[in-house]
Amino acid sequence: WQMAELFPHLDRMIKSVILLLAFFALASANSSKCVVADGSKTYNFNQLERSTDYTFQYRAGTTEYTVQINFCKALSSGVCGNNSAICQSWTGAHASLGNFASLDVTASSKGSYMDFTNGDGGRKSTVDLICDPSSTGLNFTFVNENPVLTYNFAVRSAYACPSGVAAVAPMFALIFLALFLQF
């Protein structure tokens with residue numbers, strides 16, 4: 001017996017398997033925590049990620065704080081540890097305000113934000129992501145510490161705006177292509 005006699009549609013089966021593998025590869029590539037779909041809009045916060053961490057200062061009372069943050073990945077440097085996403089330091093001390101593994105991203109037309117938990121001593125933080133299409137950089141602001149050990153920040157950036165069509169569209173295109181090639 002020849003293979004063609006045993007499996008008369010082997011060529012179609014191989015094409016289907018290849019297309020399914022491509023489909024799953026595309027789906028997993030878009031599964032980053034920092035790519036969030038809301039209806040017909042996609043928010044891709046990976047654009048905020050940098051190879052070097054963002055650093056900014058703010059004053060609360062008489063204390064000057066320095067904050068290091070990176071989006072969608074752990075800090076590349078700093079004193080707060082390998083998995084820290086936000087590190088706050090002040091004269092003679094420092095604390096992680098949340099780690100990267102705990103990142104939870106929410107995006108919608110009503111507001112987008114990143115929550116980080118599991119910081120030092122129970123600290124956590126929320127970063128409100130404010131869409132500003134005219135922004136050419138990143139405007140980072142400390143809002144408050146409320147409740148105690150919960151740090152609230154705001155980031156105004158064009159990268160906080162939705163990017164348009166939801167990431168699901170390419171998946172439907174692959175399914176259509178698979179069905180087309182099958183028949």
Side-chain angles (χ1 to χ4, degrees), residues 28-167:
S28 66
N30 285 327
S31 67
S32 166
K33 288 183 187 183
C34 288
V35 178
V36 182
D38 174 45
S40 64
K41 306 263 187 226
T42 297
Y43 296 81
N44 184 356
F45 300 121
N46 285 316
Q47 300 171 89
L48 293 167
E49 183 181 310
R50 289 190 351 184
S51 58
T52 57
D53 305 324
Y54 295 96
T55 301
F56 78 98
Q57 280 92 24
Y58 73 90
R59 179 177 294 278
T62 59
T63 306
E64 183 78 24
Y65 295 96
T66 299
V67 174
Q68 285 180 286
I69 184 170
N70 210 328
F71 299 89
C72 304
K73 74 174 205 166
L75 293 173
S76 60
S77 62
V79 295
C80 285
N82 291 340
N83 199 29
S84 184
I86 302 178
C87 182
Q88 177 178 303
S89 56
W90 59 100
T91 306
H94 63 273
S96 171
L97 304 185
N99 72 40
F100 175 69
S102 71
L103 172 63
D104 183 34
V105 181
T106 301
S108 74
S109 58
K110 294 184 172 90
S112 304
Y113 54 91
M114 294 181 168
D115 283 322
F116 299 92
T117 58
N118 301 327
D120 293 338
R123 288 173 173 82
K124 57 186 176 179
S125 56
T126 296
V127 179
D128 284 319
L129 301 162
I130 302 164
C131 172
D132 183 354
S134 65
S135 176
T136 57
L138 188 78
N139 182 354
F140 202 93
T141 307
F142 171 72
V143 177
N144 61 23
E145 180 185 349
N146 186 20
V148 174
L149 299 181
T150 299
Y151 300 84
N152 300 290
F153 301 94
V155 171
R156 184 174 297 279
S157 172
Y159 296 131
C161 298
S163 58
V165 180

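In this text the structure is predicted, and so the values were computed from the model without any measurement.
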Side chains of [X] and [Y] in contact at under 4.5 Å (non-hydrogen atoms):
X      : Y      : result
Asp38  : Pro162 : no
Phe153 : Phe56  : yes
Phe71  : Cys34  : no

Assess the residue pair Thr106 and Val36 against the criterion (side-chain contact (heavy atoms from CB on, under 4.5 Å)); give the C-alpha distance rounded to whole Å, side-chain angles, the decisive distance to 0.1 Å, and a yes or no.
CA-CA 7 Å; Thr106 301; Val36 182; over 6 Å; no

Just to verify, what does Thr117 make a side-chain contact (heavy atoms from CB on, under 4.5 Å) with, not counting sequence neighbours?
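Partners of Thr117 by the side-chain contact (heavy atoms from CB on, under 4.5 Å) criterion, ordered by chain and then number, come out as Ser102, Lys124.
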
Tell me which pairs pass disulfide (SG to SG under 2.5 Å) where either residue lies in residues 111-147, with sequence neighbours left out.
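Matches after skipping sequence neighbours: Cys131-Cys161.
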
Taking side-chain hydrogen bond (donor to acceptor under 3.5 Å, both in side chains) as the definition, give me every residue that meets it alongside Asp53, ordered by chain and number, with sequence neighbours left out.
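side-chain hydrogen bond (donor to acceptor under 3.5 Å, both in side chains) check on Asp53 returns Asn70, Ser76, Ser77.
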
Just jot down the side-chain hydrogen bond (donor to acceptor under 3.5 Å, both in side chains) partners of Thr63, sequence neighbours excluded, or say none.
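Not a single residue meets the side-chain hydrogen bond (donor to acceptor under 3.5 Å, both in side chains) criterion with Thr63.
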
Indicate the atoms forming the closest heavy-atom contact of [X] with [Y], along with that distance.
X      : Y      : answer
Ala101 : Lys33  : O-NZ, 3.0 Å
Phe100 : Cys72  : CE1-C, 3.1 Å
Lys73  : Arg50  : CE-O, 3.2 Å
Tyr65  : Ala60  : CE1-CB, 3.8 Å
Ser135 : Ala158 : O-CB, 3.6 Å
Ser112 : Phe45  : CB-CZ, 3.8 Å

Who are the ring-ring contact (aromatic ring centres under 6.0 Å, His included) partners of Phe116, not counting sequence neighbours?
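Residues passing ring-ring contact (aromatic ring centres under 6.0 Å, His included) with Phe116: none at all.
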
Using side-chain contact (heavy atoms from CB on, under 4.5 Å), reason through Ile69 and Val127 one step at a time and then give a plain yes or no.
CA-CA 10 Å; Ile69 184 170; Val127 179; 4.0 Å; yes

Can you give each donor-acceptor pair under 3.5 Å made by side-chain atoms of residues 136-150, sequence neighbours left out, with the distance rounded to 0.1 Å?
unit_1	atom_1	unit_2	atom_2	d
Asn144	OD1	Asn152	ND2	2.7
Glu145	OE2	Leu149	N	2.9

Spacing of CG belonging to Asp128 relative to CD1 belonging to Ile130, to within rounding of 0.5 Å:
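Interatomic distance, Asp128 CG to Ile130 CD1, rounded to 0.5 Å: 6.0 Å.
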
Euclidean distance, Asn99 CG relative to Leu75 CG, rounded to 0.5 Å:
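Rounded to the nearest 0.5 Å, the CG-CG separation comes out at 10.5 Å.
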
Less than 3.5 Å apart, which donor and acceptor atoms pair up between the side chains of residues 80-90 and the rest of the protein, not counting sequence neighbours?
unit_1	atom_1	unit_2	atom_2	d
Ser84	OG	Ile86	O	3.1
Ser84	OG	Ser96	OG	3.1
Gln88	OE1	Tyr58	OH	3.1

Residues that Glu49 engages under salt bridge (charged side-chain N to carboxylate O under 4.0 Å, His left out), provided they are two or more places apart:
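Scan of Glu49 (salt bridge (charged side-chain N to carboxylate O under 4.0 Å, His left out), adjacent residues dropped) gives none.
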
Does Tyr159 have more than 12 heavy atoms from other residues, nucleotides or ligands lying within 6.0 Å of its OH?
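Open.
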
